[in-house]
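Structure, as structure tokens:
Every chain is numbered from 1 and lettered A, B, ... according to where its sequence line falls, protein lines coming before strand lines. Small disclaimer: the values here were computed from a predicted structure and weren't measured.
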Protein chains: 2
Amino acid sequence: MTGWPPLLPARHSGHMDSSGRQATEGLRTAAGPRTAAGSQAAGPRSTAGAGPRSGPVRLADVAEAAGVSRALASRVLNGDPAARAAAETKARIVETAARLGYVPNVAAKSLRGNRTGLIGLVVHDLSSPIYLELMRGAREEAARHSYFLVLGDVDELLADEDAYRILISGRRVDGIIMQGGHGELDRRVGDIARALPTVVVNAPTDVEHEGATQVYPDEVAATRLLTEHLIGLGHRRIGLVSGPRQSMTNRLREEGIVTALAAADLELREEDRVHGEWSADGGRAGVDQLVDRWGGGADRPSALIAGNSLVGIGMLGALARHDLVVPRDLSVAAVHDTWINEHLAPSLTAVSLPLHEVGTVAVRTLLAGSHGGRHILSDPPPVLHGRGSTGAVG
Amino acid sequence: MTGWPPLLPARHSGHMDSSGRQATEGLRTAAGPRTAAGSQAAGPRSTAGAGPRSGPVRLADVAEAAGVSRALASRVLNGDPAARAAAETKARIVETAARLGYVPNVAAKSLRGNRTGLIGLVVHDLSSPIYLELMRGAREEAARHSYFLVLGDVDELLADEDAYRILISGRRVDGIIMQGGHGELDRRVGDIARALPTVVVNAPTDVEHEGATQVYPDEVAATRLLTEHLIGLGHRRIGLVSGPRQSMTNRLREEGIVTALAAADLELREEDRVHGEWSADGGRAGVDQLVDRWGGGADRPSALIAGNSLVGIGMLGALARHDLVVPRDLSVAAVHDTWINEHLAPSLTAVSLPLHEVGTVAVRTLLAGSHGGRHILSDPPPVLHGRGSTGAVG
DNA sequence: TACAACTGATAAATCGATTGTTCACTGGCA
DNA sequence: TGCCAGTGAACAATCGATTTATCAGTTGTA
């Protein structure tokens with residue numbers, strides 16, 4: 001009625017914990033002591049005297065109710081082929097478990113089985129709709145295998161030695177999926193991968209981390225498609241506002257653009273590209289910088305590619321503020337198709353990457369045992385969504 | 001080198017699992033059998049003959065190395081005041097643990113302590129930037145208490161009896177934070193709260209779920225502020241595009257609007273409100289509907305309030321498509337301030353709600369033992385961010 | 001008639017940490 | 001000397017499930 005009894009347990013005064021946190025603080029689940037019976041050592045089963053048990057149903061309860069041993073109950077309920085039991089017995093066990101509402105205790109399973117059923121998902125950009133799609137894919141695939149996702153944060157993990165140790169070394173999770181593209185983290189991937197199966201997603205790095213598998217979409221194909229679309233519309237000079245120049249993601253995306261342009265005997269001019277952050281602010285800053293370069297003159301690209309969706313949103317806003325009308329004065333096309341794109345004014349042309357699949361495959365790879373190396377997803381291929389922000393040149 | 005040995009274990013042919021999933025599939029961590037020594041029953045400690053142990057460092061290892069019992073090591077490392085040990089001994093234990101790189105096994109701790117260190121976060125709208133902020137707040141607060149968040153999905157949980165049972169009854173998490181506003185789930189909150197400490201966030205429901213605490217921001221104050229802003233700009237007729245009419249969230253938001261309007265002797269006309277989904281699509285549909293009602297005439301509100309940020313984005317897009325210029329023809333203001341708002345063209349005026357704090361408080365409430373009832377967050381208060389989408393009437 | 005093989009099932013060890021209880025000492029005091 | 005209280009620390013039960021041996025019967029077979 002009044003809710004849950006478990007309050008924060010009385011705090012110990014001295015903490016040996018290296019951090020200043022309240023490690024002991026927390027919840028207690030409902031169970032409580034099973035029977036007040038304290039010591040009754042090895043006496044012959046004292047089935048008498050004990051109440052009907054209050055806590056959750058244990059395997060032992062099922063076994064007892066079904067009149068078999070815990071061992072057999074365990075095997076039958078887990079579908080262990082080594083469980084040689086009469087069909088009738090099997091049925092009885094299963095039925096009893098269902099009747100009693102038996103649910104295995106996860107902690108006990110983990111302890112014994114050395115497997116937690118959890119996958120750590122370590123991100124550093126929880127606000128990006130781009131990353132969310134990946135996260136959803138991962139979650140769904142994990143669920144399919146009865147796994148759950150545990151959320152971690154890169155910066156926190158790096159800042160907090162303890163959290164880091166607990167997550168990585170405390171065997172709290174069976175494996176880790178990390179969002180790459182975070183310099184500091186990228187440098188520690190090796191350590192992590194040595195402790196746990198590790199998959200790095202969606203932001204390839206140059207270093208081939210020992211043991212960590214990389215999973216990412218076909219970036220080159222995506223920007224190639226985008227560029228071909230623009231060329232098809234008659235654009236001959238195309239600019240780019242992207243993320244950090246040296247990041248591998250950017251380099252791959254540039255590669256796609258350059259390739260497509262080259263095929264049409266065009267090139268990506270040095271003066272037409274700007275590099276900054278992978279964010280809306282970055283997009284705005286990029287546009288400001290370009291407009292500044294152009295100085296009001298007409299000597300400018302007729303189309304701009306946004307390094308990602310966020311950058312694209314920032315660009316549209318900034319262009320409007322500079323009184324440049326899209327697509328009349330300038331076409332804009334972005335990498336990543338999110339739900340926002342079609343609601344912008346003008347709606348934003350974009351190429352979609354299979355981020356959902358990246359998440360899916362990351363989990364699958366992890367569960368199958370990661371082997372290091374890179375895994376480029378080319379299926380499904382990038383798809384172009386032509387919208388209002390791109391128009392024919394002229 | 002080749003990566004992680006643990007592949008998917010050979011699959012059992014027959015599954016007793018009620019679902020069709022591969023419950024046994026998964027990862028195995030590195031440990032492996034500790035020593036090949038099989039049976040050596042109760043013989044006097046055979047410390048000899050065993051290698052130096054390959055797996056992770058256990059408490060027993062620390063104890064042995066420090067020359068004390070496991071019990072004492074445990075107490076000292078946990079800062080248990082009941083640990084009466086010479087200062088020197090304590091120091092030796094702590095030092096040894098550090099030197100060996102001891103990290104407690106989470107599963108063992110959970111099993112013994114009946115506490116997992118995990119909080120389930122069950123959402124049904126992982127793509128909304130609104131909800132993300134809440135999620136970040138929750139994650140941060142959880143981390144502060146050495147808790148981690150486990151991600152769940154409402155629909156999945158409802159659809160998959162097994163997942164539901166594992167998460168709720170399997171003692172996989174110590175408590176649950178649920179995103180309210182999902183009819184089907186709202187109806188089952190009572191069951192869940194009976195099994196686990198439960199907090200429902202950000203979408204109040206009428207039913208006072210027994211045992212579940214509700215935490216949400218001061219919706220009324222938010223829309224009141226928004227409305228006052230518009231009235232201050234000279235608007236006398238204000239419309240609303242919102243979510244489901246009967247949802248409590250909507251009713252509270254309408255209440256704020258009506259209150260503010262009444263204070264200025266104005267009212268919210270029936271014909272000026274539209275109800276639909278809490279999404280950008282909903283916003284678009286709402287505008288389409290209103291425009292249809294107006295039929296091109298000038299008999300319409302001079303300002304519209306968007307029930308939330310997503311709706312606002314959809315509205316701006318739709319208005320542009322109808323050739324209505326914001327804010328010249330119509331002002332628009334939304335509930336929720338997200339990063340997108342300032343990048344839209346025009347930038348979107350909005351009132352910010354303390355979603356981050358909702359997440360924070362939800363976790364804190366859960367850890368402190370939830371007591372049922374409602375918890376309305378009025379600190380920090382809603383803040384108005386005036387931007388380009390609202391202008392003086394005229 | 002033995003011996004092996006198979007059936008149906010159980011006992012007990014194990015996973016790693018926590019914690020109630022007990023034990024061996026050492027001084028202090030009568 | 002004898003007893004009590006306080007220190008410093010160890011024993012052993014426990015949490016709940018998995019799994020390796022092992023066992024008692026029964027059948028088949030050489």
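- Using a 4.0 Å cut-off between charged nitrogen and carboxylate oxygen, A:R92 and A:E88 do not count as a salt-bridge pair.
- One interatomic measurement links the two molecules: NZ of B:K90 to P of D:dA9, which rounds to 10 Å at whole-angstrom precision.
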Mind listing the N/O atom pairs, protein and nucleotides 25-27 of chain C, below 3.5 Å?
none

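- Straight-line distance from the CD1 atom of A:I93 to the C1' atom of D:dT18: 15 Å, rounded to whole Å.
- Whole-Å rounding puts the B:Y102 OH to C:dT18 C1' distance at 10 Å.
- Among the atoms of the strands shown, only primed sugar atoms or phosphate atoms (P, OP1, OP2) are found under 4.0 Å from some heavy atom of B:G67.
- Counting only distance, with no hydrogens or angles, the side chain of B:R171 and the backbone of B:S169 share a donor-acceptor pair below 3.5 Å.
- The distance from atom CZ of B:R112 to atom C1' of D:dA12 is 11 Å, rounded to the nearest whole Å.
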Pairs under 3.5 angstrom, nitrogen or oxygen only, protein versus nucleotides 6-8 of chain C, please.
from: C:dG8; atom 1: N7; to: A:R84; atom 2: NE; distance (Å): 3.4
from: C:dG8; atom 1: N7; to: A:R84; atom 2: NH2; distance (Å): 2.5
from: C:dG8; atom 1: O6; to: A:R84; atom 2: NH2; distance (Å): 2.8

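- One atom, CZ of A:R172, and another, C1' of C:dC15, lie 17 Å apart when rounded to the nearest Å.
- A donor-acceptor contact under 3.5 Å is formed by the side chain of A:R75 with the base of C:dT10.
- The phosphate of D:dA9 (OP1 or OP2) has no side-chain N or O of B:S69 nearer than 4.0 angstrom.
- What separates CG of B:L59 from C1' of D:dC11 is a distance of 15 Å, to the nearest Å.
- Minimum atom distance to the side chain of B:A71 is reached by D:dA12, of the listed D:dA12, C:dT10, D:dT18.
- With rounding to whole Å, A:R171 atom CZ is found 11 Å from C:dC15 atom C1'.
- Counting all heavy atoms, side chain and backbone alike, B:D174 lies closest to B:T116 at OD1-N, 2.7 Å.
- With rounding to whole Å, A:N105 atom CG is found 18 Å from C:dC15 atom P.
- With the nearest nucleotide of DNA chain D identified for both A:P104 and B:V68, B:V68 has the one nearer the 5' end.
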